[in-house]
Structure formats: C-alpha cells, structure tokens
Peer 1: 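If you scroll down you'll find the structure; I have some questions about it.
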Amino acid sequence: MKRLLIIDGHAFVFRAYFAFGASNLTNSKTGKPSGATFGFFKMLFKLLQDYAPTHVAMTFDPGGPLERGKIFENYKATRKPMPEDLRPQIKEVMDILGNIGFRVLKLEGHEADDIIGTLCENYKATAKEILIFSGDKDLYQLLEKKNIKMLRGKKGVTEFVEIDAPWVKEELGVDVKQITDYMGIVGDTSDNIPGVKGIGDKGASKLLQEYKTLDGIYKNLEKIKNPSMKTKLTEQKENAYLSKELATIKRDLKLDITEKDIETPDFKSDQAILYFKSQGYNTLSRDLAKSAGKEVPKDAEPTESAEGAEEKTIPAAEKGVYRLITSVDELAKICRGLLKSRIIAVDTETTSPNPAMADLLGISFSNQEKTGFYVSVRNSASLFQDKTLTMEEIKEHLGPILSSEIPKVGQNIKYDLIVLENHGFVLNNIQFDTMLASYVLQPEGRRHNMDALAKDLLNYDTITYDDLVGTGKKKKELVDIDPDQVAEYAAEDADITFRLYQVLRKSIKDSGVEPILRQMEMPLIPVLAEMEKTGISLDVPYFEELARDFDREIRHLEGEIHKQAGGPFNIASTKELQRILFDELKLRTVKKTQTGFSTDHEVLEELLGEHPIIDKLLDYRKYTKLKSTYVDALPKMVNPKTGRVHTSYNQTIAATGRLSSTDPNLQNIPIRDKEGRLLRKGFVAGSDDYEILSLDYSQIELRIMAHVSKDPAMLEAYNRGLDIHKRTAAALYGVPETEVSAEMRDKAKVVNFSVIYGVTPYGLSRNLRIPREEAKSFIERYMTQYPGVKSYMDEMVAFGEKNGYVQTLTGRRRPVVDINSTHKSAKEAAKRIAINSPIQGTSADMIKIAMIAIHEDIQRNKWKSKMLLQVHDELVFEVHKKEKEEFKAAMKKYMETAMPLDVPILVQGKFGINWDEAH
DNA sequence: GCTAATCCGTA
DNA sequence: GTACGGATTAGCT
C-alpha cells in the first residue's frame, strides 16, 4: 500500500457545510440545500488531486448509541443538534460515495475516530504513508509514526494544513504520546469531555512537560506549587482519568475489510461524471471532466445551473514583476519615468489600520499593469537600513509626483490620503477609488477589499497581509520584515489596484452610476479625510468622573438584583438571567429568541410591576451599556498626538448610501434619555475660542417622501408650514386639528416614521402597542389621507420588480433581488427595501452634496471653523467665536439648498459649549 | 482566537 | 417594518 487517505466523514461534511453555509446553494433538480454536498466533493476531489492516494477510507459515525456513552452518560450531551438542512445532505453524500465506488466505513457503537485508529494500527507497518483528514485534536495521538500525518481544512474547501508530531509539539507543547493525558486535563467542550475545570491548555502543557503523564502528575501532587491548581487536580481526579479514557482512541476494532475494498476507485470515470450531472451537480460534473481531460459526455439531459448562479470564468491573471527601490538615484530615475504616466496607482504601508494613528513605513506605486515599485521609509528601529530611504529623500523625489496633477487611483485611498497628509505629503488629483467603484456598482456587496476584488474581477490570488506578517504567535510587525518581502506584497497591491482600475473604469462607464461615483463619492473623499483628521475634543476628566458615578450606581444595582434573585449570578449573561427570571422567579415568558426566552428591553418593560427586580434590571442594563460602550471606551480612543478622537467614516458599508462610523462610532452617541445625554456633554470645543454648532435637517425623510410621492396633502402641509404630525393625527383619529391631543400627535408621529420603513400592521401594532386590527385601520386611514404615498409605494415595488433595483433621486441604485421571490417573507422584506431605500438614500445623497459644498467653502473662504461630524441628518461643527452667526447662516444655506425639492427643506440648530447644549 | 447570538445605542 | 457598530457571553470551526 502506497498512500492511504483516511477521512473523518463528519468533520469533512461540517467543513463543507460551513464553508458554503452562507451561499445558500441549492440543487437545480431538487431545489434542496446542497452546499454541504457540493463542498464535500469539491474538497474530496481536491484532496485526491493533491495527494493522489492509492487507497481511501471514508469513515462515519454511526447513528446509534456509542460505547463511550456507557462509560460516561453525558458524553457528547452538550453537542448542538445538527442543522436541519445538513442531515439529509450527509445521507446524500454517503449515497453518492457509494455510487461512485467509495467504500463507506461505519460501525455500530463506535465512532469514526476508533475506526481511524484501527486503520492506522493495521496499516502503519505496510503503508508508506497514511494521511488522516479530521479536525479532531484527539487524533493527534495517532501521529506517533513518521509516516502518519493529519490534514485539516484551512480556508474554504481547497486549502489544507498538514499536521505531524513536531507540529503538535510546537502548537500544544506536548508530545503526541501525551495527547490522551493532555485531553484528560483540558477536556473538550464540544464532546462534553469534562477534563479538569479551571486548568486550560497552558496549565496542562506545563504540567505534562514536568511530569510526563497523568499518573506522573498525581504521583507528584505534593510538588505542585500552585495551591489552586493542586486543589483542582485533587478534587477532579476522577474526571481527569475518565476524560483520559474517553479521549483514548481504540485501535483494535474488528473491521471487516480488505485492502482491496479501499482502493481508490476511478472517480473520474464517464459514469461518475454523468452521475453527478444526473444528480443536478453540473459544476462538479464539469470539474471532474476537466481534471480527467475530457468533455462531459453528451448523455444526460442538459440541466440548469446546478449550484445557483454560475460564474463567468475569468482566466487567472499573471503575477507582476516588482521592485524594491534602494537608492536615491534609482528613485529619482523611476520618478522621472512616472512623469509620463496617464495615471498612477498609489498605496501606503503603515503601522496601523487606523489612519489617524498610523506611521508611514513605505509607499508603493504602479503606472502599468504587472509592474510595481516599493520604497521603504528609514526607521531607526529597522534592521534593514540599507534597503530603505529617508523620509526626506522620498519626499524630495516622490513628493512632487504625488502633489502633481497626474491622476491617482487607489483602493480605499482616503486612508492613504490621511496617512500621507499626516506625514507632510500632498496627494492631488485623486481620480478613482476601486473600493468606491465596486461599492456604487454593488452597494450590498459585503466585500470591497482588495483581496476579494482581485479574486472576483481578475481571478488573482493576492498575497494577503497575514501571508506577509504571519498569524498567531509568529505574527511579526511590518517594520521587522525584510523590505524585499514587503515590496512583493506592497507593490503587488499597487499593481492590482492599477489593474482593478482598468476593469472597474469600464464597468462604471456602462453602469448608469458613474455620476454617483464621480460627482458624489469621489469628491467626498477629501471631505471625510479632513473631518477624520480634525477629530473632536473630549473632556476626559469629565468622562472619568462619569465612570466613577456610573460604577457606583452599577454596583448598587448589582447588589439589589442579586438580593432579589436570592443569590449572585452573572446579570450580563442572558442565559443566566433567563434562568433567574423564568425558572427561579417564575415570571411570565413573553417572547422567544432562537435559543430560549428573550430578556430584552421590550420584555422587561412588559414585566415591569410584576417583580421589583425588573426595574433594577432595566437600570442596570442602561448603566452598564453606557459605561462599557461609551464612558470607558471613548477616553481610550483619544489620540495622544492630537488629544482628540478621530472616528473613521466608511463609505462602502451601508447599502442605502449612508456613511457609517467606527473606531469609535460617533453616530450612535446617546441622546434619548437624561443619563445618555450626560455623555454628549463630554464632547466639547477644542479651545475657549470655539463653540460647538449642530445643524440638523428637520423631518428630512418625510419631506423627501412628500417630494417623491407628490402627495397633494403632504405637499400642501409642508408648503404651508403646517405641523405634519398634527395633520396626520387629525386624519387618523377623524377629528379636527384643534382637537388633536399631545398623545394623538405622538402616535401619528410614529405612524409617519413607520410609513417610511414600509409599514406593516404587525410592525405598527408593536410600535404603538395597539392591536393588529387597530394598526391596520390606522394604515388604511393614512393611505386615504395621503393617497400619493400609497401610489409611491406601489410604484417603487413595480419598478423594483421590473428592473431588479430601485434608485434615489440622484440615481444611486440598490438591487432588490428578492422582490420577485416566491418566498413570501423574502418578497415582503424586499418590498420594504424598495420603499425605504430611495428615501433613506436620497437623504444620504443630500447631506453628502451639502458636505462637499461646505468643505469647499471652508477652504475657499479660509474659515477658522471646521466641520467635525456627520450623523446622517446632522452636521456638527467647531465654530470660532468671531465667526458664529455668519458661519451658521452660510452652512445652513448649503444644507437647505443642496438638493432643492418641491417642499421647503428646513435646517435647525444652535451653539453650545458641548454637543448636548448645541443639540 | 474566532463567530454567532443577544442586546442596545443612533438616524 | 429601514440603515448601522459594538460590548458581552457562550460555544467551537
């Protein structure tokens, strides 16, 4: 026997299932989920291709009870039930395996692990090499001979990690012979092997290095210094030995097979190829045919695409040739060459993903595909002085290129812009950003990062950052890596950016969204960069004081809650809280979550008054949330260099066109209740010469609704400056406006908002806490009062159904794929998206246009005042005291006139010494 | 060390 | 019912 591949079938199926979990693949013939099956064979064929085993053993766990269960009744008891769509696929996998000639090994009462152990034992002497595919740590114990190795999935289903004894030693710090002892201590949560609670991998490895075995440890208990470790070992001795036994793999099962039974079958035979096709797996069929060097035999009925949308195959792109620049002369020469460029792709390497914190380590660029250059910045800490140039040298030669009018392209170039500006460079004429282009083309796309774009658009596998710096313990800092290596990575990034530019430029031209990219997103880059660089000032001592106040409050509430509950528990754990509320205190359950009963705010509100603990819980939640998310977190984000916090705005996250904010998120600073508002008081002007100004659009989305729906009643209300909520209330309750109470108006306000989200009777009834029927009749009356709104909604849905997307007033598009779905709830959700996105998106467009104009004005007129933050319908400024009223009037005007509509746009706001007072 | 689930802050 | 980001816990791909 030359090479035996043993596969742990369940590990294999799980790997495949999760690798394709998000893709929702369904079989074209049956319409059933097929991701796991598809992935299984994709991965299997890859393994067979890569390792060419002469023999293959497919092992599976049996369905029935296990012998280990007799030893320990809780064995595998905590294991989650299998996902419901997976079980039939395991059956399908086994059927297919049988059909294409693989022998499936399964033994009642014994897990696949024991079969694997036995196979190893039986063939370790005769087989040249044995490869075990599994994810199970227990199996490391089988690696005691050099010819036995393990494989584990790495990423996707086409990459594998090879594991052998030295690897295990390096990873876990123990010898493969000690694995059972190791598992005895560490245990395994997924199999519910208890181990010794309180001692983890680090402790176990230390103990075993010292005393070799579990027996050794127990013989030498007295020598163990750490008293808590000693107690744990003593108290859980029985568990330790039990766990060791559970983790010990049997190697002496009676397997009723011969070597011949597990010979690798001819899985590329015409029959097999046709078989996959007949089962609806066209891609697998084609893959097989291709690797066998033949056509798919024209025998079976041509079927539709098997695994959902087939992708166009783009020929794999070629690697470029890259160069590290190591002398000033070389740099000067290359820079002279750059002068003739039509466009230059630029990328920077730094010390941090946060541009405000980042130090510049190098710059890469490319003005032609398959080429790229990298220049590394000299750094006293670097070991590679001779491969770097000083910042001054780089600035002298590259600076003029970057600041010239030669067009630049980048991938997320706002980042590079901020970094370069922070280091004294000027980056002019940014013409294209590949990330933004990808986003306006596919605003729902989750991945606009370069590695993904390179794969999708160029069929090119980039060197990833992790490839360069390593992961885990071996991770290095970029400064400590040889610039020759960094150059390969960095120059490739510039090259790939250049190539992506060429592809995306064409896509954008034919797309209909070119104006959104060129006139909105691109011009916004320097605006956001400036805001991020400016940051906002935080009153840190004030936050520290708040932290103390909140802490006191939290500790008090915690005591009260534990007292009410009859003992301490982890209040933050919803699982424990469920136990306390619904088991111990026997309170009503109100609604369910996927995993149990909900304890969210809505539920607690509902239970208010039924037990004194509820009141305390609500307060506890409020204070802990505020403290951990804001009070403690924000001061940590203050940049030591500037003394301010610099958020990062992302232009490519929200499918509607909104911005999002991270590190920290300054778009969700509390405002609704009194305690929350305390936080806004900590956002202050940077000096006594300045004040905070907040300007926000009044009812912007409802005004946009009035405009796009052309509803006469709504248009009239706004054009006459009437109180829209009051008007709506009068219509909903059938009373004259003079008789509308405050409460009625509040309800009407909720209805007005809900309509923008694509109101449903169910949603409205929850929001207003009224019966479904009542909500339904509200909606009917609403649509009678504003019939234009009803027709707008119908029109958007019809437009979406016809075109597959909806758009904003300025032409920003969002796909609504599910709008033609036969799946009712998917279709309803898509309809709400079709109704809401044009409104939310138009509002986002409007404020973006205003921001671009404002930024231009601030620069042109050299205002001392600055724009700091954007919160969807609000802009926050830091205004010099001498400029106050003049500046406010000018900015208000830009906001109000950014996108004229058929209704007046109203902007309101005021000054304050902090954000709370200004709002 | 990573991800999912839950909860909660904003517009 | 729309659109986000982040803290925490729990469990394990």
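Numbers restart at 1 for each chain; the letters A, B, ... are given by sequence-line order, proteins then strands. These numbers come from the heavy atoms of this one structure, side chains and all, not from hydrogens, waters or symmetry mates. All values reported here derive from a predicted model rather than from experimental measurement.
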Peer 1: Mind calculating the distance between NE2 (A:H601) and C1' (B:dC8) to the nearest angstrom?
Peer 2: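 Distance check: A:H601 NE2 to B:dC8 C1' gives 10 Å.
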Peer 1: Which atoms form the tightest heavy-atom contact between A:F877 and A:M867, and what is the distance?
Peer 2: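 Here A:F877 and A:M867 meet closest at CD2-CA, 3.6 Å.
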Peer 1: Look at A:K575 and C:dG11 and indicate whether a side-chain polar atom (N or O) is within less than 4.0 Å of OP1 or OP2.
Peer 2: yes
Peer 1: Counting any heavy atom closer than 4.0 Å, what does A:N767 reach on the DNA or RNA strands: base, sugar-phosphate only, or nothing?
Peer 2: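 Base contact.
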Peer 1: Below 6.0 angstrom between ring centroids: does that apply to A:Y786 and A:Y782?
Peer 2: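 When the ring centroids of A:Y786 and A:Y782 are compared, they turn out to be within the sub-6.0 Å range.
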Peer 1: How close or far is atom P of C:dT13 from atom NE2 of A:H10, stated in whole angstroms?
Peer 2: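 Taking NE2 of A:H10 and P of C:dT13, I get 13 Å after rounding.
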Peer 1: Just the rounded figure in Å: distance from C1' of C:dT13 to CE of A:M150.
Peer 2: 13 Å
Peer 1: Which label fits A:F40 and A:F60: parallel for a plane angle under 30°, tilted from 30 to 60°, or perpendicular past 60°?
Peer 2: parallel
Peer 1: Establish, with yes or no, whether the OP1 or OP2 oxygen of B:dC7 is under 4.0 angstrom from a side-chain nitrogen or oxygen of A:S598.
Peer 2: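 So the side-chain polar atoms of A:S598 do come within 4.0 Å of the phosphate oxygens OP1 or OP2 of B:dC7, strictly under.
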Peer 1: In this structure, how many angstroms lie between the P atom of B:dA5 and the NZ atom of A:K592, rounded?
Peer 2: 17 Å
Peer 1: Which of the following nucleotides, C:dT2, C:dA10, B:dC7, is nearest to the side chain of A:R832?
Peer 2: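 Per side-chain heavy atoms of A:R832, the pick is C:dT2.
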Peer 1: Scan A:I671 against the nucleic acid and name what it touches under 4.0 Å (heavy atoms): base, sugar-phosphate only, or nothing.
Peer 2: sugar-phosphate
Peer 1: Looking at A:S660, I'd like to know whether one of its side-chain N or O atoms comes within less than 4.0 Å of OP1 or OP2 on C:dA3.
Peer 2: no
Peer 1: Checking side chain to side chain contact (heavy atoms under 4.5 Å, CB included) between A:S837 and each of A:R814, A:M796, A:R812, A:R813, which is the one that passes?
Peer 2: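 Single side chain to side chain contact (heavy atoms under 4.5 Å, CB included) partner of A:S837 among A:R814, A:M796, A:R812, A:R813: A:R814.
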Peer 1: Check every atom of B:dT6, C:dA7, C:dC4 against the side chain of A:T629 and return the nucleotide holding the closest atom.
Peer 2: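 Side chain of A:T629 sits closest to C:dA7.
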Peer 1: Need one value for A:S754: base, sugar-phosphate or nothing, where a base atom within 4.0 Å counts as base even if backbone is also close, heavy atoms only.
Peer 2: base
Peer 1: Quick one: label A:I756 by what it contacts on the DNA or RNA (base, sugar-phosphate, nothing), any heavy atom closer than 4.0 Å.
Peer 2: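 Counting heavy atoms under 4.0 Å across all strands, no contact is made by A:I756.
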Peer 1: What I want to check is whether an N or O donor and acceptor connect the side chain of A:N665 with the base of C:dG5 at under 3.5 Å.
Peer 2: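 In this structure, the two groups form no donor-acceptor pair.
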Peer 1: Given C:dG5, B:dC8, B:dT6, which nucleotide is nearest the side-chain atoms of A:I653?
Peer 2: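 My answer, after comparing the listed nucleotides, is C:dG5.
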Peer 1: Kindly say whether the aromatic ring centers of A:F799 and A:Y805 come within a distance under 6.0 Å.
Peer 2: yes
Peer 1: Between A:I554 (CD1) and C:dA7 (C1'), how many Å, whole number?
Peer 2: 13 Å
Peer 1: Picking from C:dA7, C:dC4, C:dA3, which would you name as closest to the side chain of A:I833?
Peer 2: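 That would be C:dA3.
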Peer 1: Look at the side chain of A:A655 and decide which nucleotide, out of C:dC4, B:dG9, B:dT6, has an atom nearest to it.
Peer 2: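 It is C:dC4.
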Peer 1: Whole-Å distance between C:dG1 C1' and A:K776 NZ?
Peer 2: 16 Å
Peer 1: Given C:dG1, C:dA3, C:dG5, identify the nucleotide with an atom nearest to the side chain of A:R814.
Peer 2: C:dA3
Peer 1: For a quick check of understanding: with a heavy-atom distance under 4.0 Å over all strands, which category does A:S837 fall into, base, sugar-phosphate or nothing?
Peer 2: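 No contact at all - A:S837 keeps every heavy atom at 4.0 Å or more from the nucleic acid.
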Peer 1: Tell me: OH of A:Y757 to C1' of C:dT2, nearest whole Å?
Peer 2: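 Answer to the nearest Å: 6 Å.
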Peer 1: With respect to the phosphate group of C:dC4, does any side-chain polar atom (N or O) of A:N668 fall under 4.0 Å of OP1 or OP2?
Peer 2: no
Peer 1: Nearest of C:dC4, B:dC7, C:dG1 to any side-chain atom of A:D600?
Peer 2: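 Nearest to the side-chain atoms of A:D600, counting from C-beta on, is B:dC7.
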Peer 1: For C:dG5, take OP1 and OP2 only and decide whether either is under 4.0 Å from a side-chain N or O of A:S661.
Peer 2: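 Answer is no, no contact under 4.0 Å.
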Peer 1: At 4.0 Å (heavy atoms only), tell me whether A:S843 reaches a base, stays on the sugar-phosphate, or touches nothing.
Peer 2: nothing
Peer 1: Here's a test of your reading of the structure: between A:K625 and A:E444, which maps to the more 5' nucleotide of DNA chain C?
Peer 2: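 On the 5' side of the pair lies A:E444.
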Peer 1: On DNA chain C, compare the nucleotides closest to A:N650 and A:E576; which residue's is nearer the 5' end?
Peer 2: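 The residue closer to the strand's 5' end, by nearest nucleotide, is A:N650.
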Peer 1: Within the 4.0 Å heavy-atom criterion, would you say A:V759 contacts the bases, only the backbone, or no part of the nucleic acid?
Peer 2: base
Peer 1: Side chains of A:T464 and A:D467: do they bring a donor and an acceptor to under 3.5 Å?
Peer 2: yes
Peer 1: Just checking A:Q840: base, sugar-phosphate only, or nothing, at a heavy-atom cut-off of under 4.0 Å?
Peer 2: base
Peer 1: Tell me which nucleotide among C:dG6, C:dA7, C:dG1 gets nearest to the side chain of A:A633.
Peer 2: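 Comparing C:dG6, C:dA7, C:dG1 against the side chain of A:A633, the answer is C:dA7.
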Peer 1: Measuring from the side chain of A:P670 (C-beta onward, heavy atoms only), which nucleotide among C:dA10, B:dT10, B:dC8 has the closest atom?
Peer 2: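 Closest of the options to the side chain of A:P670: B:dT10.
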Peer 1: Under 3.5 Å, is there a donor-acceptor pair between the A:E874 and A:S694 side chains?
Peer 2: yes
Peer 1: How is A:T760 classified with respect to the nucleic acid when contacts are heavy atoms under 4.0 Å: base, sugar-phosphate, or nothing?
Peer 2: base
Peer 1: Regarding A:D551 and A:R555, does a basic nitrogen lie under 4.0 Å from an acidic carboxylate oxygen?
Peer 2: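 Result for this pair is yes, salt bridge flagged.
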Peer 1: Can you check whether A:Q594 has a side-chain N or O nearer than 4.0 Å to OP1 or OP2 of B:dT6?
Peer 2: yes
Peer 1: Examine B:dA11: is either OP1 or OP2 under 4.0 Å from a nitrogen or oxygen in the side chain of A:Q667? Give yes or no.
Peer 2: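 False: A:Q667 side-chain N/O out of range (4.0 Å or more) of B:dA11 OP1/OP2.
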Peer 1: Taking only side-chain N and O atoms of A:R621, does any of them lie within less than 4.0 angstrom of OP1 or OP2 on B:dC7?
Peer 2: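 Result: no.
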Peer 1: Taking the side chain of A:T593 as its heavy atoms from C-beta onward, which of C:dC4, C:dG1, B:dC7 lies nearest to it?
Peer 2: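 Within the option list, the nearest is B:dC7.
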Peer 1: How long is the line joining CE of A:M846 and P of C:dA3, in whole Å?
Peer 2: 20 Å
